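Have a look at the structure below, then the notes.
Just so it is clear, the model here is predicted, and its values are computed rather than measured.
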Amino acid sequence: MFGEAQHIQPNAALTRNAPATAGSVRATLWPTLALDTGERLFDELYVWTERYQPTTMQRARLQLSALRKAFALLELEKRDHICVTLSFGTVERALDATTDLFESNRLLMHRVSVMLRGQAERLRAPYRVHNFVDWLRSQNVAVGYRLSASRIDSEKRAIELSQPRFAKLVAPTSSRLEYWQDSLLEARAAGLDARWLIVSDIESAEQRRLARAAGFGFGQGS
(Lines give C-alpha, C1' and ligand atoms only; values in the text may rest on other atoms or scores of the structure.)
Protein backbone atom coordinates (compact mmCIF):
# COMPACT_ATOMS: atom_id res chain seq x y z
CA MET A 1 0.00 0.00 0.00
CA PHE A 2 2.73 2.48 0.96
CA GLY A 3 5.77 0.41 0.07
CA GLU A 4 7.44 -2.19 2.21
CA ALA A 5 8.76 -1.23 5.62
CA GLN A 6 12.39 -2.30 5.70
CA HIS A 7 13.68 -3.90 8.89
CA ILE A 8 17.30 -2.97 9.37
CA GLN A 9 20.04 -4.33 11.57
CA PRO A 10 20.69 -1.92 14.44
CA ASN A 11 24.32 -0.86 14.64
CA ALA A 12 26.55 -1.75 17.56
CA ALA A 13 25.83 1.53 19.33
CA LEU A 14 22.11 0.79 19.30
CA THR A 15 22.33 -2.77 20.57
CA ARG A 16 24.81 -1.75 23.25
CA ASN A 17 21.99 0.14 24.98
CA ALA A 18 19.94 -3.02 25.51
CA PRO A 19 20.33 -5.10 28.68
CA ALA A 20 22.81 -7.94 28.32
CA THR A 21 20.51 -10.76 29.41
CA ALA A 22 17.03 -9.59 28.46
CA GLY A 23 15.61 -7.12 26.02
CA SER A 24 16.58 -6.03 22.56
CA VAL A 25 16.52 -3.07 20.19
CA ARG A 26 14.70 -3.15 16.85
CA ALA A 27 14.77 -0.70 13.95
CA THR A 28 12.58 -0.23 10.87
CA LEU A 29 12.46 2.23 7.97
CA TRP A 30 8.85 3.26 7.28
CA PRO A 31 8.12 4.85 3.87
CA THR A 32 5.96 7.96 4.31
CA LEU A 33 4.08 8.84 1.13
CA ALA A 34 1.61 11.44 -0.13
CA LEU A 35 -1.90 9.99 -0.12
CA ASP A 36 -2.80 11.53 -3.50
CA THR A 37 0.36 11.19 -5.55
CA GLY A 38 2.49 8.59 -3.79
CA GLU A 39 5.35 11.09 -3.56
CA ARG A 40 7.81 10.02 -0.86
CA LEU A 41 8.19 12.56 1.95
CA PHE A 42 10.86 10.59 3.80
CA ASP A 43 11.63 7.22 5.33
CA GLU A 44 11.13 7.26 9.08
CA LEU A 45 13.81 5.43 11.03
CA TYR A 46 11.71 3.97 13.82
CA VAL A 47 13.59 2.43 16.76
CA TRP A 48 11.96 0.59 19.65
CA THR A 49 12.86 -1.71 22.51
CA GLU A 50 11.48 -5.13 23.32
CA ARG A 51 11.15 -6.68 26.78
CA TYR A 52 12.50 -3.68 28.64
CA GLN A 53 11.61 -0.05 29.30
CA PRO A 54 14.60 2.26 28.77
CA THR A 55 15.45 4.94 31.28
CA THR A 56 15.50 8.57 30.17
CA MET A 57 19.26 8.46 29.56
CA GLN A 58 19.08 5.08 27.80
CA ARG A 59 16.38 6.53 25.53
CA ALA A 60 18.59 9.53 24.81
CA ARG A 61 21.51 7.28 23.88
CA LEU A 62 19.25 5.17 21.67
CA GLN A 63 17.92 8.21 19.85
CA LEU A 64 21.39 9.65 19.32
CA SER A 65 22.54 6.27 18.00
CA ALA A 66 19.55 6.25 15.64
CA LEU A 67 20.56 9.70 14.41
CA ARG A 68 24.08 8.41 13.72
CA LYS A 69 22.57 5.45 11.86
CA ALA A 70 20.46 7.84 9.77
CA PHE A 71 23.51 9.85 8.75
CA ALA A 72 25.36 6.63 7.89
CA LEU A 73 22.50 5.46 5.64
CA LEU A 74 22.43 8.84 3.90
CA GLU A 75 26.18 8.84 3.39
CA LEU A 76 25.96 5.41 1.79
CA GLU A 77 23.10 6.68 -0.41
CA LYS A 78 20.78 4.01 1.00
CA ARG A 79 18.01 6.59 1.34
CA ASP A 80 17.34 10.11 0.05
CA HIS A 81 15.74 11.59 3.17
CA ILE A 82 15.31 10.12 6.66
CA CYS A 83 13.24 11.23 9.63
CA VAL A 84 14.34 10.45 13.18
CA THR A 85 12.53 10.92 16.49
CA LEU A 86 14.03 12.92 19.33
CA SER A 87 12.18 13.27 22.60
CA PHE A 88 12.04 16.54 24.51
CA GLY A 89 14.00 14.80 27.26
CA THR A 90 16.81 13.89 24.88
CA VAL A 91 17.09 17.46 23.62
CA GLU A 92 16.99 18.85 27.15
CA ARG A 93 19.60 16.48 28.60
CA ALA A 94 21.86 15.91 25.59
CA LEU A 95 21.60 19.18 23.66
CA ASP A 96 25.34 19.59 23.09
CA ALA A 97 25.81 16.00 21.92
CA THR A 98 22.81 16.27 19.59
CA THR A 99 23.96 19.57 18.11
CA ASP A 100 27.52 18.28 17.68
CA LEU A 101 26.20 15.28 15.76
CA PHE A 102 24.41 17.53 13.31
CA GLU A 103 27.41 19.83 13.05
CA SER A 104 29.70 16.93 12.18
CA ASN A 105 27.35 15.94 9.33
CA ARG A 106 26.73 19.35 7.81
CA LEU A 107 26.75 18.05 4.24
CA LEU A 108 23.92 15.61 5.06
CA MET A 109 21.83 17.41 7.66
CA HIS A 110 19.47 18.99 5.11
CA ARG A 111 18.38 15.43 4.22
CA VAL A 112 17.27 14.70 7.80
CA SER A 113 13.93 15.62 9.36
CA VAL A 114 13.43 15.59 13.12
CA MET A 115 10.19 14.47 14.73
CA LEU A 116 9.93 15.68 18.32
CA ARG A 117 7.77 14.03 20.93
CA GLY A 118 7.11 14.31 24.66
CA GLN A 119 5.29 16.29 27.32
CA ALA A 120 6.20 19.95 27.49
CA GLU A 121 4.88 20.12 31.06
CA ARG A 122 7.67 17.82 32.25
CA LEU A 123 10.50 19.95 30.87
CA ARG A 124 12.72 21.75 33.35
CA ALA A 125 14.32 23.95 30.69
CA PRO A 126 11.89 24.36 27.77
CA TYR A 127 14.06 27.14 26.34
CA ARG A 128 16.63 24.49 25.38
CA VAL A 129 14.08 22.77 23.15
CA HIS A 130 12.92 26.09 21.75
CA ASN A 131 16.48 27.16 20.90
CA PHE A 132 17.23 23.76 19.35
CA VAL A 133 14.16 23.98 17.12
CA ASP A 134 15.15 27.47 15.99
CA TRP A 135 18.68 26.29 15.25
CA LEU A 136 17.44 23.29 13.22
CA ARG A 137 15.27 25.54 11.09
CA SER A 138 18.21 27.86 10.47
CA GLN A 139 20.05 24.79 9.12
CA ASN A 140 17.17 23.83 6.78
CA VAL A 141 16.19 20.82 8.88
CA ALA A 142 12.42 20.21 8.87
CA VAL A 143 10.92 19.83 12.36
CA GLY A 144 7.79 17.80 13.11
CA TYR A 145 5.89 16.53 16.13
CA ARG A 146 4.52 13.10 16.97
CA LEU A 147 1.08 13.32 18.55
CA SER A 148 0.49 10.69 21.21
CA ALA A 149 -2.48 11.85 23.28
CA SER A 150 -6.01 10.75 22.39
CA ARG A 151 -7.08 14.40 22.24
CA ILE A 152 -4.91 16.70 20.14
CA ASP A 153 -5.91 19.81 22.07
CA SER A 154 -4.25 18.35 25.16
CA GLU A 155 -0.89 18.67 23.37
CA LYS A 156 -1.21 22.33 22.47
CA ARG A 157 1.66 23.35 24.71
CA ALA A 158 4.00 20.84 23.05
CA ILE A 159 2.83 21.98 19.61
CA GLU A 160 3.43 25.62 20.50
CA LEU A 161 6.91 24.75 21.75
CA SER A 162 7.94 22.73 18.70
CA GLN A 163 6.01 24.76 16.07
CA PRO A 164 6.11 21.77 13.71
CA ARG A 165 6.08 21.92 9.95
CA PHE A 166 4.59 18.41 9.90
CA ALA A 167 2.94 16.16 12.46
CA LYS A 168 2.14 12.48 12.80
CA LEU A 169 -0.90 10.90 14.41
CA VAL A 170 -2.30 7.38 14.61
CA ALA A 171 -5.15 6.56 12.23
CA PRO A 172 -8.58 6.90 13.87
CA THR A 173 -10.21 3.58 14.71
CA SER A 174 -13.64 4.56 13.38
CA SER A 175 -14.81 3.71 9.85
CA ARG A 176 -16.97 6.87 9.77
CA LEU A 177 -15.62 9.67 7.59
CA GLU A 178 -16.97 12.27 10.02
CA TYR A 179 -14.71 10.89 12.75
CA TRP A 180 -11.65 11.31 10.52
CA GLN A 181 -12.77 14.81 9.57
CA ASP A 182 -13.21 15.70 13.24
CA SER A 183 -9.61 14.60 13.91
CA LEU A 184 -8.44 16.85 11.09
CA LEU A 185 -10.46 19.80 12.39
CA GLU A 186 -9.02 19.29 15.86
CA ALA A 187 -5.50 19.26 14.39
CA ARG A 188 -6.17 22.49 12.53
CA ALA A 189 -7.56 24.09 15.67
CA ALA A 190 -4.29 23.20 17.41
CA GLY A 191 -2.39 25.10 14.73
CA LEU A 192 -1.29 22.18 12.53
CA ASP A 193 -1.29 22.31 8.72
CA ALA A 194 -3.49 19.56 7.27
CA ARG A 195 -1.31 19.38 4.16
CA TRP A 196 1.57 18.14 6.33
CA LEU A 197 -0.30 15.72 8.58
CA ILE A 198 0.86 12.09 8.47
CA VAL A 199 -1.59 9.33 9.36
CA SER A 200 0.22 6.23 10.60
CA ASP A 201 -0.94 2.63 11.08
CA ILE A 202 -2.98 2.55 7.88
CA GLU A 203 -3.63 -1.15 7.33
CA SER A 204 -6.36 -1.24 4.69
CA ALA A 205 -7.45 0.40 1.45
CA GLU A 206 -10.56 1.67 3.25
CA GLN A 207 -8.44 3.51 5.82
CA ARG A 208 -6.42 5.08 3.03
CA ARG A 209 -9.63 6.17 1.30
CA LEU A 210 -10.92 7.74 4.51
CA ALA A 211 -7.63 9.54 5.11
CA ARG A 212 -7.67 10.98 1.60
CA ALA A 213 -11.34 11.92 1.78
CA ALA A 214 -10.85 13.68 5.10
CA GLY A 215 -8.00 15.76 3.70
CA PHE A 216 -4.86 14.35 5.32
CA GLY A 217 -1.69 14.87 3.32
CA PHE A 218 0.48 11.80 3.96
CA GLY A 219 0.15 8.19 5.05
CA GLN A 220 2.23 5.47 6.59
CA GLY A 221 1.31 1.83 6.95
CA SER A 222 1.78 -1.75 5.89
Side-chain angles (χ1 to χ4, degrees), residues 10-11 13-14 16-19 23 25 27 42 44-49 52-71 74 81-106 108-170 186-193 196-198 200:
N11 57 19
L14 277 173
R16 208 167 34 238
N17 288 288
V25 178
F42 50 62
E44 181 188 349
L45 177 54
Y46 181 70
V47 176
W48 73 98
T49 61
Y52 84 102
Q53 182 65 34
T55 65
T56 300
M57 290 310 300
Q58 283 178 324
R59 184 177 295 108
R61 288 193 292 268
L62 282 169
Q63 291 177 355
L64 289 176
S65 294
L67 185 56
R68 292 189 191 94
K69 181 74 171 181
F71 281 125
L74 293 172
H81 198 112
I82 295 179
C83 178
V84 295
T85 294
L86 295 176
S87 67
F88 288 155
T90 295
V91 176
E92 186 177 43
R93 291 170 175 80
L95 179 60
D96 290 341
T98 306
T99 305
D100 288 346
L101 191 49
F102 276 99
E103 288 278 14
S104 63
N105 290 276
R106 276 197 165 274
L108 298 170
M109 60 192 299
H110 65 285
R111 295 167 59 190
V112 171
S113 293
V114 171
M115 184 148 21
L116 297 170
R117 69 176 303 176
Q119 296 177 300
E121 295 78 8
R122 299 179 64 177
L123 286 171
R124 296 179 180 178
Y127 70 89
R128 293 173 71 86
V129 175
H130 177 77
N131 291 343
F132 179 65
V133 169
D134 283 347
W135 180 79
L136 286 177
R137 290 202 183 93
S138 73
Q139 304 302 314
N140 296 316
V141 177
V143 178
Y145 180 72
R146 183 192 302 271
L147 297 155
S148 56
S150 57
R151 300 295 298 177
I152 296 176
D153 59 4
S154 67
E155 299 198 65
K156 280 187 176 181
R157 187 173 174 185
I159 292 170
E160 291 172 355
L161 179 63
S162 56
Q163 298 180 345
R165 178 186 179 188
F166 63 93
K168 176 178 171 179
L169 69 162
V170 177
E186 189 178 351
R188 282 175 170 160
L192 300 174
D193 188 338
W196 294 96
L197 285 177
I198 302 165
S200 70

For Arg106, I'd like to know if atom CZ has over 12 heavy atoms of other residues, nucleotides or ligands within 6.0 Å. yes
Taking all non-hydrogen atoms of both residues into account, name the closest pair between Pro54 and Arg59 and its distance. O-NH2, 3.6 Å
Quick check: does any side chain N or O of Thr90 sit under 3.5 Å from a backbone N or O of Leu86, one acting as donor and the other as acceptor? no
Under 3.5 Å, is there a donor-acceptor pair between the side chain of Glu186 and the main chain of Asp153? yes
Kindly say whether Ala142 contributes a backbone atom to a donor-acceptor pair with the side chain of Arg165 at under 3.5 angstrom? no
Residues Leu161 and Pro126: closest non-hydrogen pair is CD1-O, 3.7 Å
Geometric class of the Phe88/Tyr145 ring pair [parallel <30°, tilted 30-60°, perpendicular >60°]: parallel
Enter the distance from Leu169:CG to Leu197:CG here, rounded to the nearest 0.5 Å. 6.5 Å
Please lay out, stage by stage, how Thr49 and Gln53 fare under the test side chain to side chain contact (heavy atoms under 4.5 Å, CB included). CA-CA 7 Å; Thr49 61; Gln53 182 65 34; 5.5 Å; no
Test item: side-chain donor near acceptor, Arg117 and Ser148, under 3.5 Å: no
Any non-hydrogen side-chain atom of Val114 less than 4.5 Å from a side-chain atom of Leu136? yes
Please determine whether side chain to side chain donor-acceptor pair (under 3.5 Å) holds for the pair Thr85 and Arg146, giving the CA-CA distance in whole Å, both sets of side-chain angles, and the decisive distance to 0.1 Å. CA-CA 8 Å; Thr85 294; Arg146 183 192 302 271; 2.7 Å; yes
Got a second to check how far Leu101's CG is from Leu67's CG, nearest 0.5 Å? 4.0 Å
Just checking His130: does its NE2 atom have more than 12 heavy atoms from other residues, nucleotides or ligands closer to it than 6.0 angstrom? no
Distance-minimising heavy-atom pair for Ser113 and Val141: CA-CG1, 4.4 Å
Hey, does the side chain of Glu155 reach the backbone of Leu147 with a donor-acceptor pair shorter than 3.5 angstrom? no
If you look at every heavy atom in Leu45 and Ala70, which pair is closest and at what distance? CD2-N, 4.0 Å
How long is the straight-line distance from OH of Tyr46 back to SG of Cys83, given to the nearest 0.5 Å? 12.5 Å
Would you say the side-chain atoms of Gln58 pair up with the backbone N or O of Thr55, donor to acceptor, closer than 3.5 Å? yes
From CA spacing to verdict: side chain to side chain contact (heavy atoms under 4.5 Å, CB included), Val143, Phe132: CA-CA 10 Å; Val143 178; Phe132 179 65; over 6 Å; no
Taking the six-membered ring for Trp and the full ring for Phe, Tyr or His, determine whether the centres of Phe42 and Phe166 are under 6.0 Å apart. yes
May I ask you to decide if Met109's main-chain N or O and Gln139's side chain share a donor-acceptor pair within less than 3.5 Å? no
Going through the checks in order, is the side chain to side chain contact (heavy atoms under 4.5 Å, CB included) test met by Phe71 and Arg111? CA-CA 9 Å; Phe71 281 125; Arg111 295 167 59 190; over 6 Å; no
For a quick test of reading the model, state the closest non-hydrogen atom pair linking Ser162 to Leu116 and the distance between them. CB-CD1, 3.8 Å
Leu62 CG to Ser87 OG distance, which is reported to the nearest 0.5 Å: 10.5 Å
Output for pair (Glu121 CD, Arg157 CZ), nearest 0.5 Å, gives 5.0 Å
Excluding sequence neighbours, so at least two apart, what forms side-chain hydrogen bond (donor to acceptor under 3.5 Å, both in side chains) with Asn131? none
Show your working on side chain to side chain contact (heavy atoms under 4.5 Å, CB included) between Val84 and Ile82 and close with a plain yes or no. CA-CA 7 Å; Val84 295; Ile82 295 179; 4.2 Å; yes
